[in-house]
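Working notes for the structure below.
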Amino acid sequence: MLQVAFIRENKETVLKGLAKRNVKNAEELVAKTILADEGRRAIQTELDAILAESNKLSKDIGQLFKSGERQKAEILKQKTVQLKEKSKDLTENLQNKATELQELLYLIPNIPNEIVPAGSTEDDNETTFEEGEIPTLHEGALPHWELAKKYDIIDFELGNKIAGAGFPVYKGKGAKLQRALINYFLDKNTAAGYDEVQVPLMVNEASGFGTGQLPDKEGQMYHDAQDNLYLIPTAEVPVTNIFRDVILKEDEFPICKTAYTPCFRREAGSYGAHVRGLNRLHQFDKVEIVRIEHPSKSYEALDSMVNHVKSILQELNLPYRILRLCGGDIGFTAALTYDFEVFSTAQDRWLEVSSVSNFEAFQANRLKLRFKNNEGKSELAHTLNGSSLALPRILAGLLENYQTPDGIKIPKALVPYCGFEIIN
RNA sequence: GGAGAAUUGGCAGAGUGGUCGAAUGCGGCAGUCUUGAAAACUGUUGAGGGUCACACCUCCGGGGGUUCGAAUCCCUCAUUCUCCGCCA
């Protein structure tokens, strides 16, 4: 959520940003928001004046009672009754206006960074980096879902029986490879200075609002209506919410956290081959990195996160590319996002394995995540997060790119974690 | 799940209807003293709205109510602690 004051004072910047995102009714939206804000402040001022008067009268009444001047006190009481009526109405107006403003603010996405390319679809994303050799596979190479079956390491039908589509069962070496990847990623992240945390897999409504899943995107999350809890779609939610309603000291920056969690996504729409096998799941594992930064350092931090993810993909020796998401494809809350995609040779397509974003103060504003700056004033911090990494598509990439006629080789870096060198 | 007690500023802790955004202590910050540090002393130190800046307004776990007036009384929800029950 953007700060109203920012919108008020930087209307042109906001409109330009929204245009880049192809927000249709931007002009109207911003105008309405500014109007609601003005309305809110006008009512607030009026109400404050009445409250001030009524506070003063109440004090006077107190004095009069003490000095025994009951009659005078009674007269003042009459007056306050009228004020009370007025203030009641105004309070209600104020609440309505504040809600209206709030709802408008929820509709306005983050302003994209200058370097976010214009564009409307994923085709307009800008490839900023590409690395790694795309292997030439042997005759009869298979997509990962076939490999999974052939070596009996992932059972989609079994998961379907137990839960439903999109809930695979990992078996034998497949299960062990999962665990190896989790440990490997966590070790890489902690070695890079990220503190490991284990967090709840369910979150309350306030947390959902804090990171921007609510309102609006509740359809993407599994919801337990009885206790009003949501299964997390990503560790970003519980980890970032650690810092909800927190005022940091400037010397506490940077804050770097990493967490492994399963992630749960309802993913309403699905279509054909794109969701086959591991490509899109309702439950999947992911290791996440989250950073809380001083505003002046957040882009530096973003670069460092990108480089970190790079180093993992290099070590796994997977062919990958980095995309700078365009205005039409970037998430609602992000100011700048880099997607990492691994080339899945047998499917002949790129698979998104990581998304690294700077949210600037957008999340922090909702979270009320602030720090005391050197002038002693509270200021919103910047939040960032990224996957390092999402397991299923990495697994898909590994299975497909490392397949040989003799079996699937395990990358060197993972062998110590797996305890085996080949799946056959 | 049952019974009882509690929830106040960074922390500890007073306040049980009027001038209380809140005593006091600790901590933090600034200064005095000191070659420097410590100690001592002095001052300062919650958040949000509002304003050019003040004024002013709101917030004592959340929500609602009583009252001219609520941290203080009532209702409700949440959380924590103690005891009992159940249980990885």
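Chain letters run A, B, ... following the sequence lines, proteins first, then strands; residues in each count from 1.
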- Item | A/K310 to A/F340, cation-pi by 6.0 Å centre distance and 45° axis angle | no
- Message: Need to verify one output field. Residue with the more 5' nearest nucleotide on RNA chain B, A/I61 or A/S58?
- Response: A/S58
- Task: Could you tell me the separation between the NZ atom of A/K59 and the C1' atom of B/U67, rounded to a whole number of Å?
- Result: 17 Å
- Looking at A/Y194, is A/K257 sitting on its ring face, NZ or CZ under 6.0 Å from the six-membered ring centre and within 45 degrees of the normal? no
- Task: Please measure how far the P atom in B/A6 lies from the corresponding atom in B/A14, and state the result in whole Å.
- Result: 12 Å
- Round to the nearest Å and state the distance from A/N204 atom CG to B/G62 atom P. 16 Å
- Can you give one letter per nucleotide of nucleotides 50-59 of chain B, 5' to 3': B if a protein heavy atom sits under 4.0 Å from the base, S if only from the sugar-phosphate, - if neither? SS----SSS-
- Message: Whole angstroms only, please: what is the CZ-P distance between A/F371 and B/G10?
- Response: 18 Å
- Query: Is the closest side-chain donor-acceptor distance between A/N113 and A/Y299 under 3.5 Å?
  - Reply: yes
- The residue, A/Q95 or A/K77, whose nearest nucleotide of RNA chain B is more 5′ is A/Q95
- Message: Suppose you measure atom C1' in B/C56 against the same atom in B/A5; what distance do you get, rounded to whole Å?
- Response: 40 Å
- Message: Tell me whether A/K20 contacts the main-chain N or O of A/V116 through its side chain, where contact means a donor paired with an acceptor under 3.5 Å.
- Response: yes
- Message: If I pick the P atom on B/U76 and the same atom on B/A40, what distance separates them, to the nearest angstrom?
- Response: 50 Å
- Query: If you check the A/R370 side chain, which of B/G69, B/G48, B/G46 turns out closest?
  - Reply: B/G48
- If a stem is a run of at least 3 consecutive Watson-Crick or G-U pairs, both distances under 3.5 Å, which stems include RNA chain B? B:1-7 with B:78-84, B:10-12 with B:24-26, B:27-32 with B:40-45, B:46-49 with B:56-59, B:61-65 with B:73-77
- Task: Report yes if the distance between the aromatic ring centroids of A/Y222 and A/Y230 is under 6.0 Å, otherwise no.
- Result: no
- Check the distance between B/G49's C1' and A/I43's CD1 and give it to me in whole angstrom. 14 Å
- Message: Between B/C73 and B/G18, how many Å separate the two C1' atoms, rounded to a whole number?
- Response: 14 Å
- For atom NZ of A/K79, is the number of surrounding heavy atoms from other residues, nucleotides or ligands below 6.0 Å larger than 12? no
- Is a donor on one side and an acceptor on the other found under 3.5 Å between the side chain of A/E252 and the backbone of A/K249? yes
- Task: Quickly work out the A/K249 NZ to B/U45 P distance and round it to whole Å.
- Result: 18 Å
- Examine distances only and state if a side-chain atom of A/R265 and a backbone atom of A/P233 form a donor-acceptor pair shorter than 3.5 Å. yes
- Write down the distance separating the C1' atoms in B/G46 and B/C29, rounded off to the nearest Å. 14 Å
- Message: In whole Å, measure the gap between the C1' atoms of B/G9 and B/G28 for me.
- Response: 13 Å
- Message: Just to be sure I understand the rule, does A/S54 reach a base, reach only the sugar-phosphate, or reach nothing, if contact means heavy atoms closer than 4.0 Å?
- Response: nothing
- Does A/Y106 have its ring centroid less than 6.0 Å away from the ring centroid of A/F209? yes
- Message: I'd like the C1' distance from B/C86 over to B/C74, given in whole Å.
- Response: 35 Å
- Task: Measure the distance from CD on A/Q78 to C1' on B/G69 and round it to the nearest whole Å.
- Result: 16 Å
- Task: Kindly state whether the ring of A/H382 and the ring of A/F359 have centres lying under 6.0 angstrom apart.
- Result: no
- P gap between B/U72 and B/U16, integer Å: 12 Å
- What is the distance, rounded to the nearest whole Å, between atom CG of A/N365 and atom P of B/G48? 12 Å
- Item | Atom pair distance, as rounded to whole Å: CG in A/L94 and P in B/G48 | 18 Å
